[in-house]
Amino acid sequence: MTPSDLVTSTRARALAGRVAFVLAGGGLYAAAFPPVALPACAWLTLVPLLLVVRGRSPLRAFGYGSLYGFASAWGSTWWFAQAFSRYFAS
């Protein structure tokens, strides 16, 4: 294994850790709403995102913010499709 391979694998692991941290923040956001309903999580949801984007370029911060937005929206609105299908069923 060459030193450049070690740097590449270290960067990949760091990126995976940051992505997991952002997704955990989105999961905390979703946990603040029913059916889990842990409102205390709402106070902690932005902490992982803010820690990840600190010191990053605006483009990378936008990417992490978009990932956070997708994860939190998906986690808190997963029931929409089921509700719409029941409401509009004939």
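Given the structure is predicted, the values throughout are model-derived calculations rather than measurements. Computed from heavy atoms alone, side chains included, the values below leave out hydrogens, waters and symmetry copies.
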Where is the tightest heavy-atom contact between [X] and [Y], given as atom of each residue plus distance?
{"X": "C41", "Y": "L28", "answer": "CB-O, 3.4 Å"}
{"X": "T45", "Y": "A42", "answer": "OG1-O, 3.4 Å"}
{"X": "G69", "Y": "S72", "answer": "O-OG, 3.2 Å"}
{"X": "G26", "Y": "Y68", "answer": "N-CE1, 3.5 Å"}
{"X": "Y64", "Y": "L15", "answer": "OH-CD1, 3.3 Å"}
{"X": "Y29", "Y": "F33", "answer": "O-CD1, 3.3 Å"}

Hydrophobic cluster membership, [X] vs [Y], 4.5 Å side-chain cutoff:
{"X": "L23", "Y": "L44", "value": "no"}
{"X": "F84", "Y": "W78", "value": "yes"}
{"X": "F70", "Y": "F21", "value": "no"}
{"X": "L46", "Y": "V52", "value": "yes"}
{"X": "L51", "Y": "L67", "value": "yes"}

Is the CZ atom of R56 crowded by more than 12 outside heavy atoms at less than 6.0 Å?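 Yes, CZ of R56 has more than 12 neighbouring heavy atoms, counting only those of other groups under 6.0 Å.
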
Do any N or O atoms from the side chain of T77 and from the backbone of F80 form a donor-acceptor pair under 3.5 angstrom? no

Straight-line distance of R18 CZ to R13 CZ, nearest 0.5 Å: 13.0 Å

